[in-house]
Amino acid sequence: TKRGYAWAGCEDGRKQFLLWGAGDYREGRLQYWKLMLHRFLLRHRYFDCFFFTSERNALCVRRMNAYQPEFIIAYPNSLYSLARYIEDNAIDLKFVPKAIITGAEKIFPTQRAVIERAFKEAVFNSYGSREFMLMAMEYEMQDGLHLSSENIFFEILDKDGIPVGPGEQGEIVITDLHNYSMPFIRYRIGDVAVSSDDDTPCACGRGLPKISDVSGRLLDLIVLPDGNEVPGEFFVRFIGNKPGVVEFRVEQNSLEHLDIKLVTDEKFTPAVLALMQQDLRDVLGAALVLNIEKVDQLPLTPSGKFRVTLSNL
(Lines give C-alpha, C1' and ligand atoms only; values in the text may rest on other atoms or scores of the structure.)
Protein backbone atom coordinates (compact mmCIF):
# COMPACT_ATOMS: atom_id res chain seq x y z
CA THR A 1 0.00 0.00 0.00
CA LYS A 2 2.74 2.45 0.93
CA ARG A 3 4.62 1.73 -2.28
CA GLY A 4 1.52 2.10 -4.44
CA TYR A 5 0.49 5.38 -2.84
CA ALA A 6 4.06 6.64 -3.29
CA TRP A 7 3.62 6.32 -7.07
CA ALA A 8 1.17 9.21 -6.70
CA GLY A 9 3.67 11.05 -4.46
CA CYS A 10 1.68 10.25 -1.30
CA GLU A 11 4.13 9.11 1.40
CA ASP A 12 4.10 8.92 5.19
CA GLY A 13 4.27 12.33 6.82
CA ARG A 14 2.55 14.17 3.96
CA LYS A 15 -0.73 15.87 4.87
CA GLN A 16 -3.58 13.59 3.84
CA PHE A 17 -7.33 14.14 3.98
CA LEU A 18 -9.30 10.89 3.91
CA LEU A 19 -12.95 10.88 2.87
CA TRP A 20 -13.26 7.29 4.02
CA GLY A 21 -15.05 4.84 6.27
CA ALA A 22 -13.40 6.45 9.27
CA GLY A 23 -15.00 4.69 12.23
CA ASP A 24 -13.53 5.73 15.59
CA TYR A 25 -13.57 2.17 17.03
CA ARG A 26 -14.69 3.22 20.47
CA GLU A 27 -14.46 -0.24 22.06
CA GLY A 28 -12.34 1.32 24.77
CA ARG A 29 -10.53 4.50 25.74
CA LEU A 30 -7.07 3.04 25.10
CA GLN A 31 -8.00 1.84 21.61
CA TYR A 32 -9.50 5.24 20.77
CA TRP A 33 -6.44 7.23 21.85
CA LYS A 34 -4.08 4.83 20.11
CA LEU A 35 -6.05 5.46 16.92
CA MET A 36 -5.97 9.23 17.38
CA LEU A 37 -2.21 9.18 18.02
CA HIS A 38 -1.66 7.04 14.94
CA ARG A 39 -3.57 9.50 12.74
CA PHE A 40 -1.82 12.49 14.30
CA LEU A 41 1.67 11.08 13.67
CA LEU A 42 0.84 10.20 10.05
CA ARG A 43 -0.81 13.63 9.53
CA HIS A 44 -4.12 12.05 8.53
CA ARG A 45 -7.43 13.89 8.82
CA TYR A 46 -10.58 11.78 8.42
CA PHE A 47 -14.06 12.73 7.31
CA ASP A 48 -16.41 9.78 7.73
CA CYS A 49 -18.17 8.93 4.47
CA PHE A 50 -20.34 6.29 6.20
CA PHE A 51 -22.57 9.19 7.13
CA PHE A 52 -21.75 11.40 4.16
CA THR A 53 -24.82 13.24 2.90
CA SER A 54 -25.35 16.28 0.69
CA GLU A 55 -25.89 18.37 3.82
CA ARG A 56 -22.40 17.50 5.03
CA ASN A 57 -20.68 18.76 1.86
CA ALA A 58 -20.26 22.27 3.28
CA LEU A 59 -18.71 20.94 6.49
CA CYS A 60 -16.33 18.73 4.53
CA VAL A 61 -15.18 21.67 2.38
CA ARG A 62 -14.59 23.81 5.48
CA ARG A 63 -12.45 21.10 7.07
CA MET A 64 -10.49 20.57 3.86
CA ASN A 65 -9.83 24.29 3.51
CA ALA A 66 -8.75 24.51 7.14
CA TYR A 67 -6.33 21.59 6.86
CA GLN A 68 -5.16 22.27 3.26
CA PRO A 69 -4.03 18.70 2.59
CA GLU A 70 -1.39 17.72 0.06
CA PHE A 71 -3.29 14.55 -0.84
CA ILE A 72 -6.91 13.43 -0.83
CA ILE A 73 -7.78 9.74 -0.39
CA ALA A 74 -11.44 8.93 -0.90
CA TYR A 75 -14.28 6.65 -1.89
CA PRO A 76 -15.08 7.75 -5.49
CA ASN A 77 -18.82 8.29 -5.04
CA SER A 78 -18.40 10.41 -1.92
CA LEU A 79 -15.70 12.53 -3.55
CA TYR A 80 -17.77 12.82 -6.73
CA SER A 81 -20.68 14.15 -4.68
CA LEU A 82 -18.37 16.68 -3.05
CA ALA A 83 -16.86 17.71 -6.41
CA ARG A 84 -20.33 18.34 -7.85
CA TYR A 85 -21.19 20.45 -4.81
CA ILE A 86 -18.00 22.49 -5.29
CA GLU A 87 -18.74 23.07 -8.97
CA ASP A 88 -22.46 23.77 -8.58
CA ASN A 89 -21.79 26.39 -5.90
CA ALA A 90 -18.64 27.86 -7.48
CA ILE A 91 -16.70 27.27 -4.26
CA ASP A 92 -13.14 28.54 -4.14
CA LEU A 93 -10.88 25.96 -2.53
CA LYS A 94 -7.98 27.37 -0.52
CA PHE A 95 -5.62 24.61 -1.66
CA VAL A 96 -4.71 22.44 -4.66
CA PRO A 97 -3.80 18.85 -3.77
CA LYS A 98 -0.74 17.23 -5.32
CA ALA A 99 -2.78 14.12 -6.16
CA ILE A 100 -6.04 12.34 -5.43
CA ILE A 101 -6.22 8.61 -4.69
CA THR A 102 -9.49 6.72 -4.98
CA GLY A 103 -10.33 3.19 -3.84
CA ALA A 104 -12.89 0.78 -2.40
CA GLU A 105 -15.33 1.42 -5.27
CA LYS A 106 -15.35 1.53 -9.04
CA ILE A 107 -14.58 5.02 -10.39
CA PHE A 108 -16.27 5.86 -13.67
CA PRO A 109 -14.76 8.18 -16.33
CA THR A 110 -17.48 10.79 -15.83
CA GLN A 111 -16.76 10.87 -12.09
CA ARG A 112 -13.02 11.14 -12.67
CA ALA A 113 -13.53 14.11 -15.01
CA VAL A 114 -15.68 16.03 -12.50
CA ILE A 115 -13.30 15.31 -9.59
CA GLU A 116 -10.22 16.39 -11.54
CA ARG A 117 -11.99 19.55 -12.68
CA ALA A 118 -13.14 20.52 -9.18
CA PHE A 119 -9.80 19.83 -7.45
CA LYS A 120 -7.53 20.72 -10.41
CA GLU A 121 -5.44 17.58 -9.97
CA ALA A 122 -5.13 14.06 -11.37
CA VAL A 123 -6.88 11.04 -9.90
CA PHE A 124 -4.95 7.82 -9.22
CA ASN A 125 -7.16 4.76 -8.92
CA SER A 126 -6.32 1.88 -6.57
CA TYR A 127 -7.72 -1.61 -6.09
CA GLY A 128 -7.59 -3.51 -2.82
CA SER A 129 -9.60 -5.51 -0.32
CA ARG A 130 -9.77 -6.36 3.37
CA GLU A 131 -8.29 -9.79 2.62
CA PHE A 132 -5.24 -8.65 0.63
CA MET A 133 -4.90 -4.87 1.11
CA LEU A 134 -3.61 -3.03 -1.99
CA MET A 135 -3.50 -5.34 -5.02
CA ALA A 136 -3.18 -2.86 -7.89
CA MET A 137 -2.42 0.85 -8.27
CA GLU A 138 -2.47 3.39 -11.05
CA TYR A 139 0.86 5.11 -11.63
CA GLU A 140 2.11 8.36 -13.13
CA MET A 141 1.55 7.32 -16.77
CA GLN A 142 -2.09 6.43 -15.90
CA ASP A 143 -2.13 3.61 -18.42
CA GLY A 144 -3.66 0.83 -16.33
CA LEU A 145 -2.87 -0.46 -12.83
CA HIS A 146 0.32 -2.27 -11.81
CA LEU A 147 -0.20 -5.40 -9.71
CA SER A 148 1.50 -6.10 -6.38
CA SER A 149 2.71 -9.39 -7.81
CA GLU A 150 5.28 -10.03 -5.06
CA ASN A 151 2.39 -10.67 -2.64
CA ILE A 152 -0.36 -12.18 -4.77
CA PHE A 153 -0.99 -14.30 -7.84
CA PHE A 154 -3.69 -12.44 -9.75
CA GLU A 155 -5.84 -14.24 -12.34
CA ILE A 156 -8.68 -12.99 -14.55
CA LEU A 157 -10.81 -15.95 -15.64
CA ASP A 158 -13.82 -16.48 -17.89
CA LYS A 159 -16.96 -18.41 -16.90
CA ASP A 160 -15.21 -21.71 -17.62
CA GLY A 161 -12.23 -20.86 -15.40
CA ILE A 162 -9.92 -20.17 -18.36
CA PRO A 163 -7.65 -17.06 -18.35
CA VAL A 164 -9.16 -14.35 -20.55
CA GLY A 165 -7.33 -12.94 -23.55
CA PRO A 166 -5.69 -9.50 -23.84
CA GLY A 167 -8.17 -6.68 -23.23
CA GLU A 168 -10.97 -9.06 -22.17
CA GLN A 169 -13.09 -8.94 -19.01
CA GLY A 170 -13.34 -11.73 -16.49
CA GLU A 171 -13.65 -12.67 -12.82
CA ILE A 172 -10.76 -11.92 -10.45
CA VAL A 173 -9.25 -14.93 -8.66
CA ILE A 174 -6.52 -14.35 -6.06
CA THR A 175 -3.88 -16.59 -4.50
CA ASP A 176 -1.99 -15.19 -1.50
CA LEU A 177 0.62 -17.47 0.06
CA HIS A 178 2.02 -14.81 2.41
CA ASN A 179 -0.89 -15.26 4.79
CA TYR A 180 0.48 -18.05 6.96
CA SER A 181 -2.53 -18.31 9.30
CA MET A 182 -5.12 -18.64 6.51
CA PRO A 183 -3.75 -18.84 2.94
CA PHE A 184 -6.21 -17.90 0.21
CA ILE A 185 -5.80 -20.21 -2.77
CA ARG A 186 -7.63 -19.31 -5.98
CA TYR A 187 -10.08 -17.19 -4.00
CA ARG A 188 -13.03 -15.77 -5.95
CA ILE A 189 -13.25 -12.30 -4.48
CA GLY A 190 -16.42 -11.33 -6.40
CA ASP A 191 -14.92 -8.59 -8.60
CA VAL A 192 -14.52 -8.22 -12.36
CA ALA A 193 -11.46 -6.81 -14.14
CA VAL A 194 -10.17 -6.19 -17.66
CA SER A 195 -6.84 -7.75 -18.55
CA SER A 196 -4.07 -5.66 -20.09
CA ASP A 197 -4.15 -5.54 -23.88
CA ASP A 198 -0.36 -5.39 -24.05
CA ASP A 199 2.09 -7.89 -22.54
CA THR A 200 5.20 -5.87 -23.33
CA PRO A 201 7.12 -4.42 -20.35
CA CYS A 202 5.72 -1.09 -19.16
CA ALA A 203 7.62 2.02 -20.20
CA CYS A 204 7.73 3.14 -16.56
CA GLY A 205 10.39 0.47 -15.96
CA ARG A 206 8.81 -1.07 -12.84
CA GLY A 207 8.63 -4.57 -14.32
CA LEU A 208 5.28 -5.37 -12.67
CA PRO A 209 2.37 -6.87 -14.63
CA LYS A 210 -0.66 -4.69 -15.35
CA ILE A 211 -4.41 -4.83 -15.67
CA SER A 212 -6.37 -2.30 -17.71
CA ASP A 213 -9.19 -1.68 -15.24
CA VAL A 214 -11.31 -3.07 -12.43
CA SER A 215 -14.86 -3.11 -13.76
CA GLY A 216 -16.65 -3.57 -10.45
CA ARG A 217 -18.53 -6.28 -8.59
CA LEU A 218 -20.08 -9.36 -10.20
CA LEU A 219 -23.31 -8.20 -8.56
CA ASP A 220 -23.07 -5.00 -10.63
CA LEU A 221 -23.83 -6.91 -13.84
CA ILE A 222 -27.45 -6.61 -14.99
CA VAL A 223 -28.73 -9.60 -16.95
CA LEU A 224 -31.10 -9.08 -19.89
CA PRO A 225 -33.89 -11.54 -20.78
CA ASP A 226 -31.79 -12.83 -23.72
CA GLY A 227 -28.90 -13.69 -21.35
CA ASN A 228 -26.64 -10.78 -22.28
CA GLU A 229 -25.00 -8.87 -19.40
CA VAL A 230 -24.83 -5.09 -19.03
CA PRO A 231 -22.10 -3.58 -16.79
CA GLY A 232 -22.78 -0.77 -14.35
CA GLU A 233 -20.80 1.68 -16.48
CA PHE A 234 -23.55 1.60 -19.10
CA PHE A 235 -26.05 3.06 -16.66
CA VAL A 236 -23.61 5.77 -15.56
CA ARG A 237 -23.43 6.92 -19.17
CA PHE A 238 -27.16 6.89 -19.87
CA ILE A 239 -28.55 7.87 -16.46
CA GLY A 240 -25.78 9.54 -14.44
CA ASN A 241 -24.97 12.00 -17.24
CA LYS A 242 -28.51 13.31 -17.53
CA PRO A 243 -29.22 16.84 -16.20
CA GLY A 244 -30.73 16.87 -12.73
CA VAL A 245 -29.70 13.34 -11.73
CA VAL A 246 -27.90 13.65 -8.39
CA GLU A 247 -27.71 9.94 -7.59
CA PHE A 248 -29.25 6.76 -8.92
CA ARG A 249 -29.39 3.04 -8.29
CA VAL A 250 -30.42 0.25 -10.65
CA GLU A 251 -31.68 -2.91 -8.93
CA GLN A 252 -32.68 -6.18 -10.58
CA ASN A 253 -34.89 -8.75 -8.84
CA SER A 254 -36.09 -10.65 -11.91
CA LEU A 255 -35.13 -11.13 -15.55
CA GLU A 256 -38.21 -9.22 -16.68
CA HIS A 257 -38.05 -6.12 -14.44
CA LEU A 258 -35.50 -3.43 -13.64
CA ASP A 259 -36.05 -0.95 -10.80
CA ILE A 260 -34.37 2.45 -11.22
CA LYS A 261 -34.40 4.87 -8.29
CA LEU A 262 -33.40 8.50 -8.83
CA VAL A 263 -32.44 11.36 -6.54
CA THR A 264 -32.98 14.50 -8.63
CA ASP A 265 -32.90 18.29 -8.46
CA GLU A 266 -34.73 21.05 -10.32
CA LYS A 267 -32.84 20.39 -13.58
CA PHE A 268 -34.58 17.04 -13.99
CA THR A 269 -37.55 17.70 -16.28
CA PRO A 270 -40.10 15.46 -18.05
CA ALA A 271 -38.07 15.93 -21.23
CA VAL A 272 -34.95 14.59 -19.50
CA LEU A 273 -36.94 11.60 -18.21
CA ALA A 274 -38.26 10.86 -21.71
CA LEU A 275 -34.74 11.03 -23.18
CA MET A 276 -33.43 8.72 -20.46
CA GLN A 277 -36.19 6.19 -21.09
CA GLN A 278 -35.50 6.23 -24.84
CA ASP A 279 -31.74 5.79 -24.37
CA LEU A 280 -32.27 2.85 -22.02
CA ARG A 281 -34.86 1.24 -24.28
CA ASP A 282 -32.57 1.49 -27.33
CA VAL A 283 -29.94 -0.65 -25.61
CA LEU A 284 -31.89 -2.83 -23.18
CA GLY A 285 -34.66 -3.73 -25.62
CA ALA A 286 -38.42 -3.89 -25.17
CA ALA A 287 -38.58 -7.13 -23.17
CA LEU A 288 -37.29 -5.54 -19.96
CA VAL A 289 -39.84 -3.58 -17.94
CA LEU A 290 -38.35 -0.36 -16.48
CA ASN A 291 -39.76 0.89 -13.17
CA ILE A 292 -38.41 4.42 -12.62
CA GLU A 293 -39.04 6.04 -9.23
CA LYS A 294 -37.86 9.31 -7.67
CA VAL A 295 -36.73 9.08 -4.04
CA ASP A 296 -35.30 11.49 -1.48
CA GLN A 297 -32.20 9.46 -0.57
CA LEU A 298 -30.39 6.23 -1.45
CA PRO A 299 -28.78 4.27 1.39
CA LEU A 300 -25.12 3.25 1.50
CA THR A 301 -24.06 -0.35 2.01
CA PRO A 302 -23.13 -1.43 5.60
CA SER A 303 -19.47 -0.77 4.67
CA GLY A 304 -20.23 2.83 3.70
CA LYS A 305 -19.97 2.27 -0.05
CA PHE A 306 -22.42 3.34 -2.71
CA ARG A 307 -23.73 0.74 -5.15
CA VAL A 308 -24.76 2.06 -8.57
CA THR A 309 -26.20 -1.26 -9.74
CA LEU A 310 -27.29 -4.31 -7.78
CA SER A 311 -28.48 -7.65 -9.15
CA ASN A 312 -30.33 -9.95 -6.75
CA LEU A 313 -30.70 -12.75 -9.30
Side-chain angles (χ1 to χ4, degrees), residues 1-14 16 18-21 38 42 44 70-76 79 98-108 112 122-158 161-218 220 303 305:
T1 302
K2 293 180 184 298
R3 179 182 67 175
Y5 280 18
W7 295 345
C10 183
E11 298 176 314
D12 283 349
R14 310 295 293 269
Q16 301 170 32
L18 293 93
L19 187 52
W20 206 255
H38 179 78
L42 291 180
H44 291 177
E70 297 176 87
F71 299 92
I72 296 173
I73 302 170
Y75 284 14
L79 191 59
K98 297 182 184 298
I100 297 165
I101 297 172
T102 58
E105 299 170 326
K106 163 75 176 175
I107 183 169
F108 297 99
R112 184 190 289 259
V123 169
F124 292 81
N125 190 27
S126 67
Y127 174 63
S129 74
R130 293 287 184 178
E131 298 94 334
F132 309 111
M133 303 309 291
L134 190 79
M135 289 184 279
M137 179 76 192
E138 207 167 12
Y139 57 110
E140 66 274 8
M141 299 176 71
Q142 295 188 300
D143 183 28
L145 293 84
H146 272 307
L147 295 169
S148 301
S149 58
E150 303 94 337
N151 299 321
I152 57 171
F153 184 66
F154 192 102
E155 299 177 88
I156 304 177
L157 308 179
D158 64 18
I162 306 300
V164 301
E168 294 182 353
Q169 178 175 277
E171 182 178 3
I172 296 173
V173 176
I174 304 292
T175 298
D176 171 17
L177 297 179
H178 283 199
N179 186 340
Y180 298 126
S181 62
M182 181 60 209
F184 288 86
I185 302 175
R186 305 203 82 197
Y187 176 67
R188 299 173 62 184
I189 198 168
D191 290 336
V192 179
V194 179
S195 67
S196 175
D197 54 8
D198 187 2
D199 290 332
T200 58
C202 183
C204 74
R206 290 189 171 91
L208 295 168
K210 287 196 309 183
I211 57 174
S212 292
D213 192 21
V214 177
S215 305
R217 301 288 293 170
L218 282 172
D220 290 336
S303 61
K305 300 177 184 179

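Values reported hereafter were calculated over all heavy atoms of this structure, with side chains retained and with hydrogens, waters and symmetry mates removed.
If you take CG on L134 and NZ on K2, they are separated by 12.0 Å, rounding to the nearest 0.5 Å. Note that CG of N151 is 9.0 Å distant from OG1 of T1, once rounded to the nearest 0.5 Å. Atoms CD1 and CG, from I107 and N125 in turn, are 6.0 Å apart once rounded to the nearest 0.5 Å. Atom NE2 in H146 sits 3.5 Å away from atom SG in C204 (nearest 0.5 Å). To the nearest 0.5 Å, atom CZ of residue F71 and atom CD of residue Q16 are 7.5 Å apart. With rounding to the nearest 0.5 Å, the separation of CG in L18 from CD1 in I72 is 10.0 Å.
With 3.5 Å as the limit, one finds no donor-acceptor pair spanning the side chains of Y127 and K106.
Of all heavy-atom pairs spanning I156 and V194, the tightest one is CD1-C, 4.0 Å. Among all heavy-atom pairs drawn from I152 and D176, the shortest one is CG2-CB, 4.3 Å. Nearest heavy-atom pair, P166 versus D197, reported as atom, atom and distance to 0.1 Å: CB-CA, 3.9 Å. Closest approach of G167 and S195 over heavy atoms only: N-OG, 3.0 Å. For the pair A99 and A8, the tightest heavy-atom approach, listed with the atom from each and the gap, is CB-O, 3.4 Å. The two atoms that bring M141 and C202 nearest to each other are SD-SG, 4.5 Å, heavy atoms only.
The shortest distance between side-chain heavy atoms of L208 and S149 falls below 4.5 Å. At a threshold of 4.5 Å between non-hydrogen side-chain atoms, the residues L147 and I211 count as touching.
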CA sep, side-chain torsions, deciding dist, call: R188, E171, salt bridge (charged side-chain N to carboxylate O under 4.0 Å, His left out): CA-CA 8 Å; R188 299 173 62 184; E171 182 178 3; 2.9 Å; yes
Under the side chain to side chain contact (heavy atoms under 4.5 Å, CB included) criterion, do R206 and W7 qualify, and how do the steps go? CA-CA 11 Å; R206 290 189 171 91; W7 295 345; 3.2 Å; yes
Stepwise, does the ring pair (Phe, Tyr, Trp, His ring centres under 6.0 Å) test hold for F132 with F184? CA-CA 9 Å; F132 309 111; F184 288 86; 5.2 Å; yes
Walk me through whether I101 and Y5 qualify under side chain to side chain contact (heavy atoms under 4.5 Å, CB included). CA-CA 8 Å; I101 297 172; Y5 280 18; 3.8 Å; yes
Walk me through whether L19 and L79 qualify under side chain to side chain contact (heavy atoms under 4.5 Å, CB included). CA-CA 7 Å; L19 187 52; L79 191 59; 4.3 Å; yes
Show the numbers, then the answer: is there a side chain to side chain contact (heavy atoms under 4.5 Å, CB included) between I174 and M135? CA-CA 10 Å; I174 304 292; M135 289 184 279; 3.7 Å; yes
side-chain hydrogen bond (donor to acceptor under 3.5 Å, both in side chains) evaluation trace for Q169 with S215: CA-CA 8 Å; Q169 178 175 277; S215 305; 2.8 Å; yes
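For the pair Q142 (side chain) and V123 (backbone), a donor-acceptor distance under 3.5 Å is present. Side-chain atoms of S126 come within 3.5 Å of backbone atoms of T102 as a donor-acceptor pair (strictly under, hydrogens ignored).
Aromatic pair Y75/W20: ring centres closer than 6.0 Å.
A salt bridge links E150 with R3: the closest approach of a Lys/Arg side-chain nitrogen to an acidic carboxylate oxygen falls below 4.0 angstrom. The pair R186-E155 meets the salt-bridge criterion, since a charged nitrogen lies less than 4.0 angstrom from a carboxylate oxygen. E140 and K98 are not joined by a salt bridge, as no carboxylate oxygen comes within less than 4.0 angstrom of a charged side-chain nitrogen.
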